[in-house]
Peer 1: 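Mind looking over this structure? Questions follow.
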Number of protein chains: 2
Amino acid sequence: MRTLDENKRKAILKAGMDVIAEDGFHQAKIAKIAELAGVATGSIYRYYPNKEAIIVVILEQLWSQLAGELRLLVPRTDMSPVEKLDMTVDLVFDIFTGNTALALIFVNEHHQFLMKGVGTLKDHYNDFLDLAESVIREGVERRVFNANVDIKVFRHFIIGAFRHLLQQWTIEPEALPLNKVRQNLKFIIKNGILLHPVKK
Amino acid sequence: MRTLDENKRKAILKAGMDVIAEDGFHQAKIAKIAELAGVATGSIYRYYPNKEAIIVVILEQLWSQLAGELRLLVPRTDMSPVEKLDMTVDLVFDIFTGNTALALIFVNEHHQFLMKGVGTLKDHYNDFLDLAESVIREGVERRVFNANVDIKVFRHFIIGAFRHLLQQWTIEPEALPLNKVRQNLKFIIKNGILLHPVKK
DNA sequence: ATGAATGATGAATCACCATTCATTATAGCA
DNA sequence: TGCTATAATGAATGGTGATTCATCATTCAT
């Protein structure tokens, strides 16, 4: 008995990623994805029940990978909270560096599918967020991070800043080299903009 | 001779805002907008050439208003750069407070129409950004803000953080009261998360 | 080597919706 | 009180594109 070809499944996913990144989910055409993947339009439906399933799988993989990596980082006792925070930022930067398409999909499409609550996307994403939050919490408990900053707000703050910077990077990569962005992001979340901070 | 009714034009704009905020631009149906505005579907086209024009006008008005207000703030000599930065944040928060629909449109739709370069949207938006940047620049020149922070990155950083926080707020307003968000945002961009910063 | 069984194909289907336009209603003017 | 220009209407049009399915191709257990 013949079996579905996993390479083809991956080719469709990859093609879906590129087309959706370029055209946006609603404008992305199945015919174009099929052509890029080198299969017939109908074949797409042997591997994925519908168009939405393609992007959901892409996003699920993204967050389950990130959560997996962060899960290894969190319990380490040989690192300070500051180092862990920096490493978390690195983790996320690294996954998008060299994958503009994935970056674009995260930036532009992630939110709407998160809201729809399709598949296990939300679970993976929340896993990641909870782990990131525990890094901050450890820092506060160990009196390294400022307890006056609301953790929830801070968490969203970083994600948002990151997302937007990533978006700008996809528009003009030369003007906003990711290394510079990464370094500045790390600095600002730790120190803010003030030259002479007035902490109490 | 009969004239087009400016109240109707506004009603359509308002209805468009609500429907687009709720359903997203591509899912938003002209028929629904027309019904909400209390006009026939065909009448929409007497006031706006097409669906896209509706959202473009909404976004143009948003940024031209914000740029207008910021333009008054920038040259003031009775305020410090820190105060101006805080006021800029307030300006933006104020416009979205009490207008969840506008907030949602900014969060979810703004980017794609900015990219398309339709109408004068980009001009108004850039006006606003340039003015905001001049606030930062003044702070750096007057040795109040840290010159090591790249202004372009910082600018995108704040916008992104703000956008994402706003998005979260539209999802669960009770969990993230805008006052708390505003206060925390101001604090973090100035001071960062570190309890004992190590500025040189 | 054979023939189910299942994969692959892509033209045809079908639902959807922005936009149009023939027709009707109305405001403003003489 | 008509008259006319233009506003308003909403059913019909037309284009689009996701999904289906009848048909063909290929694999592999026998």
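Within every chain, numbering begins at 1; the chains are lettered A, B, ... in the order of the sequence lines, protein sequences first and strands thereafter. Please read these numbers as outputs of a predicted model, since none were measured by experiment.
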Peer 1: For the residue pair A/L73 and A/M87, what are the closest heavy atoms and their distance?
Peer 2: CD2-CB, 3.7 Å
Peer 1: Parallel, tilted or perpendicular: which fits the ring planes of B/F128 and B/W63, with parallel below 30° and perpendicular above 60°?
Peer 2: tilted
Peer 1: Using the ring of each side chain (for Trp, its six-membered ring), is B/F162 parallel, tilted or perpendicular to B/F93, with breaks at 30° and 60°?
Peer 2: perpendicular
Peer 1: Need one value for B/Y48: base, sugar-phosphate or nothing, where a base atom within 4.0 Å counts as base even if backbone is also close, heavy atoms only.
Peer 2: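 The answer is nothing, as B/Y48 stays clear of every strand by at least 4.0 Å.
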Peer 1: According to the interplanar angle, ranging from 0 to 90°, do the rings of B/F106 and B/H110 count as parallel (below 30°), tilted (30 to 60°) or perpendicular (above 60°)?
Peer 2: tilted
Peer 1: Please check the phosphate of D/dA8 (OP1 and OP2 only) for any side-chain N or O of B/K8 closer than 4.0 Å.
Peer 2: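 So the side-chain polar atoms of B/K8 do come within 4.0 Å of the phosphate oxygens OP1 or OP2 of D/dA8, strictly under.
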Peer 1: Listed in order of residue number, which residues of residues 19-40 of chain A have a non-hydrogen atom at under 4.0 Å from DNA chain D?
Peer 2: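 Heavy-atom cutoff 4.0 Å gives A/A28, A/K29, A/I30.
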Peer 1: Does C/dA15 pair with anything, Watson-Crick or G-U wobble, both distances under 3.5 Å, and if so, with which nucleotide?
Peer 2: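 Its partner is D/dT16 (Watson-Crick or G-U wobble, both distances under 3.5 Å).
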Peer 1: Between B/K51 (NZ) and C/dA18 (P), how many Å, whole number?
Peer 2: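 About 4 Å, once rounded to whole Å.
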Peer 1: With a 3.5 Å cut-off and no angle check, do the side chains of B/N108 and A/Q112 form a donor-acceptor pair?
Peer 2: no
Peer 1: Can you check the B/I44 CD1 to C/dC21 P distance for me, whole Å?
Peer 2: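 Computing the B/I44:CD1 to C/dC21:P distance gives 18 Å.
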Peer 1: For A/G42 and for B/T41, find the nucleotide of DNA chain D with the closest heavy atom, then tell me which residue's nucleotide is more 5'.
Peer 2: B/T41
Peer 1: What contact category does B/L4 fall into here, base, sugar-phosphate, or nothing, at under 4.0 angstrom with non-hydrogen atoms?
Peer 2: sugar-phosphate
Peer 1: Sort out for me which residue in A/L102, A/I105, A/I54 forms a side-chain contact (heavy atoms from CB on, under 4.5 Å) with A/L59.
Peer 2: A/I105
Peer 1: Please determine if a side-chain N or O atom of B/Y45 lies less than 4.0 Å away from the OP1 or OP2 oxygen of D/dT9.
Peer 2: no
Peer 1: Atom CD of A/E52 and atom P of D/dA18: how far apart are they, to the nearest Å?
Peer 2: 13 Å
Peer 1: Look at A/R46 and C/dG7 and indicate whether a side-chain polar atom (N or O) is within less than 4.0 Å of OP1 or OP2.
Peer 2: yes
